[in-house]
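Before we start, here is the structure in question, set down as structure tokens.
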Amino acid sequence: MLSEPRSGRLAAWGNALLAGLVSPDDAVLAIVGEDAVHRVEGLPGEAAPVGLTLALGRLRALGVTGLRIALPQPGHPLGLSGPPEFNARALEAEEAVICYGAALGLVPEVYEAGPDGDVHVEVVWHCLAVREAPPADVPSLGEAERELAEALREATEVLSRLDVAGSGPVAEAAIDAYRARVDGAARSASLRGGGRATGGSGREVLAPGYPPRAVRVLVLAQRVGVLISVAYENGHGGAVSAGEMAARGAALRPVERTARRAQVAAYNSVVEERERGAR
């Protein structure tokens, strides 16, 4: 839940490549990650699926100067702008990449291949037409950070109260995630200049070129994702009554929604800054 989306890797490292901050080989290596291979089908001018290096070069030639992401769920078309056909495809995949500078979008389809014990993952990105319009429900970085801190504070209070009788881990995870906001802010604040953006463990969080605030927001959103996963995976913890169970669900749902909005805001921040500068 709220793990690093493939659309996030494609947008972040694609943006770094389009800005000339990384080489094509480095960008493709980061985008593919632990998958076996990524291909792009449906690109204008290409009759068959092509590799990521060629696809990113083709998108640049088509006028693409930046990439955004969308993380839609039923009832929440987060980051989408239409048309309905593209939205439906993105909703099924629960993620998509939207091009800035050309009316195109990319939706991943994931395949597993190989025998038991040696399964590898292949990804095909379907290139489709999109509507050039503002993306749905995407906050600014500042708004996302404020909303996430507030939602997490409220959820921490509820979960702590429900776990008082016994199970501890969920409440402890909630409190740890909230306190991590301060630690993440301190670590990310040191990321000035064009260096690679990392979290406290040294793992790359975003590609070069992203502002420190985007790293801070994304780290917090990912930590909230861990909190939500722990809360669901550990059953009901100390929440023993039906009312308490309902209260826990009510506390988690808006936090998850807020965290997804923050995640999209972080990945999209490079394009949003560019748009503001062009006005």
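Only this structure's heavy atoms are used, side chains among them; waters, hydrogens and symmetry mates stay out. For this chain, numbers begin at 1 and follow the sequence in order.
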Quiz item: Which residue pairs pass the side-chain hydrogen bond (donor to acceptor under 3.5 Å, both in side chains) test when at least one of the two sits in residues 56-65, sequence neighbours left out?
Solution: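 Non-adjacent pairs meeting side-chain hydrogen bond (donor to acceptor under 3.5 Å, both in side chains): E46-R58.
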Quiz item: Going through the distances and angles, do L78 and V138 end up as a side chain to side chain contact (heavy atoms under 4.5 Å, CB included)?
Solution: CA-CA 7 Å; L78 176 61; V138 179; 4.2 Å; yes
Quiz prompt | Side-chain heavy-atom pair L67, C99 within 4.5 angstrom cut-off | solution = yes
Self-check item: Heavy-atom pair of closest approach, residues A90 and A96
Solution: CB-CB, 3.7 Å
Quiz item: Rounded to the nearest 0.5 Å, what separation is found between the CG atom of L18 and the CG atom of L56?
Solution: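 Here the interatomic distance stands at 7.0 Å.
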Quiz item: What residues, two or more places apart in sequence or in another chain, satisfy salt bridge (charged side-chain N to carboxylate O under 4.0 Å, His left out) together with E41?
Solution: none
Practice problem: Following the transitive rule for hydrophobic clusters with a side-chain heavy-atom cut-off under 4.5 Å over Ile, Leu, Val, Met, Phe, Trp and Tyr, establish whether W13 and V50 coincide in one cluster. | Solution: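 Yes, because W13 and V50 connect within a single hydrophobic cluster, where side-chain heavy atoms sit under 4.5 Å apart.
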Self-check item: salt bridge (charged side-chain N to carboxylate O under 4.0 Å, His left out) partners of E85, counting only residues at least two apart
Solution: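 Per chain and number, E85 pairs via salt bridge (charged side-chain N to carboxylate O under 4.0 Å, His left out) with no residue.
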Practice problem: Please indicate whether E150 has more than 12 foreign heavy atoms, meaning atoms of other residues, nucleotides or ligands, lying under 6.0 Å from its CD. | Solution: yes
Exercise. Among residues two or more places apart or on two chains, list those pairs meeting salt bridge (Lys or Arg N to Asp or Glu O under 4.0 Å) that have a residue in residues 104-119.
Key: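 Sorted result for residues 104-119: empty, none.
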Exercise. To the nearest 0.5 angstrom, please state how far the CG atom of L106 sits from the CZ atom of R89.
Key: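 So the CG of L106 and the CZ of R89 are separated by 11.5 Å.
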Exercise. Just do the side chain to side chain contact (heavy atoms under 4.5 Å, CB included) check on V40 and L59 with the steps written out, would you?
Key: CA-CA 11 Å; V40 181; L59 290 173; over 6 Å; no
Self-check item: Chi angles and distances behind the side chain to side chain contact (heavy atoms under 4.5 Å, CB included) call for V123, R39
Solution: CA-CA 6 Å; V123 179; R39 293 185 295 273; over 6 Å; no
Quiz item: Distance from L52 atom CG to L29 atom CG, nearest 0.5 Å?
Solution: 11.0 Å
Self-check item: Closest non-hydrogen atom pair, P208 against L21
Solution: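 For P208 and L21, the tightest heavy-atom pair comes out as O-CD1, 3.5 Å.
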Exercise. Heavy atoms only: give me the nearest S7-A70 pair and the separation to one decimal.
Key: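 Taking S7 first and A70 second, the nearest heavy atoms are OG-O, 4.4 Å.
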Practice problem: Spell out, as yes or no, whether a donor-acceptor pair under 3.5 Å connects the side chain of R260 to the backbone of L71. | Solution: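 Checking the backbone N and O of L71 against the side chain of R260, a donor-acceptor pair under 3.5 Å is found.
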Quiz item: In terms of hydrophobic clusters joined by side-chain contacts under 4.5 Å, are L128 and L43 together?
Solution: no
Quiz item: If two hydrophobic side chains count as joined below 4.5 Å and joins carry through other members, does I98 share a cluster with L104?
Solution: no
Exercise. Over all heavy atoms of both residues, which pair between A144 and A262 is shortest? Give the atoms and the distance, please.
Key: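 So the minimum-distance heavy-atom pair works out to CB-CA, 3.7 Å.
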Quiz item: Are V124 and V97 connected in the hydrophobic side-chain network, where two residues link if heavy atoms are under 4.5 Å apart?
Solution: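 Each belongs to a different hydrophobic cluster.
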Quiz item: What salt bridge (Lys or Arg N to Asp or Glu O under 4.0 Å) pairs are there with at least one residue in residues 123-137, not counting sequence neighbours?
Solution: D137-R261
Quiz item: When rounded to the nearest 0.5 angstrom, what is the spacing between CD in E145 and OG in S140?
Solution: 10.0 Å
Quiz item: Do V270 and L141 share a hydrophobic cluster (ILVMFWY, side-chain heavy atoms under 4.5 Å, transitive)?
Solution: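 Unlinked, V270 and L141 end up in two clusters.
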Self-check item: Within residues 95-104 or reaching into it, pairs that qualify as salt bridge (Lys or Arg N to Asp or Glu O under 4.0 Å) - sequence neighbours excluded
Solution: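 Of all non-adjacent pairs touching residues 95-104, none passes salt bridge (Lys or Arg N to Asp or Glu O under 4.0 Å).
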Quiz item: Which pair of heavy atoms, one from S81 and one from P134, lies closest together, and at what distance?
Solution: CB-O, 3.9 Å
Quiz item: Are a donor atom and an acceptor atom from the side chains of Y267 and N15 found within less than 3.5 Å of each other?
Solution: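 N15 and Y267 do not have a side-chain donor-acceptor pair below 3.5 Å.
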Quiz item: Where is the tightest heavy-atom contact between V119 and G114, given as atom of each residue plus distance?
Solution: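 Heavy-atom minimum between the residues: CG2-O, 4.0 Å.
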Exercise. Starting at CG of D26, measure out to CG of L17 and round the result to the nearest 0.5 Å.
Key: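 It is 9.5 Å, given to the nearest 0.5 Å.
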Quiz prompt | Between CZ on residue R6 and CD1 on residue I69, distance to nearest 0.5 Å | solution =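 Answer for the CZ-CD1 pair, R6 versus I69, is 13.5 Å.
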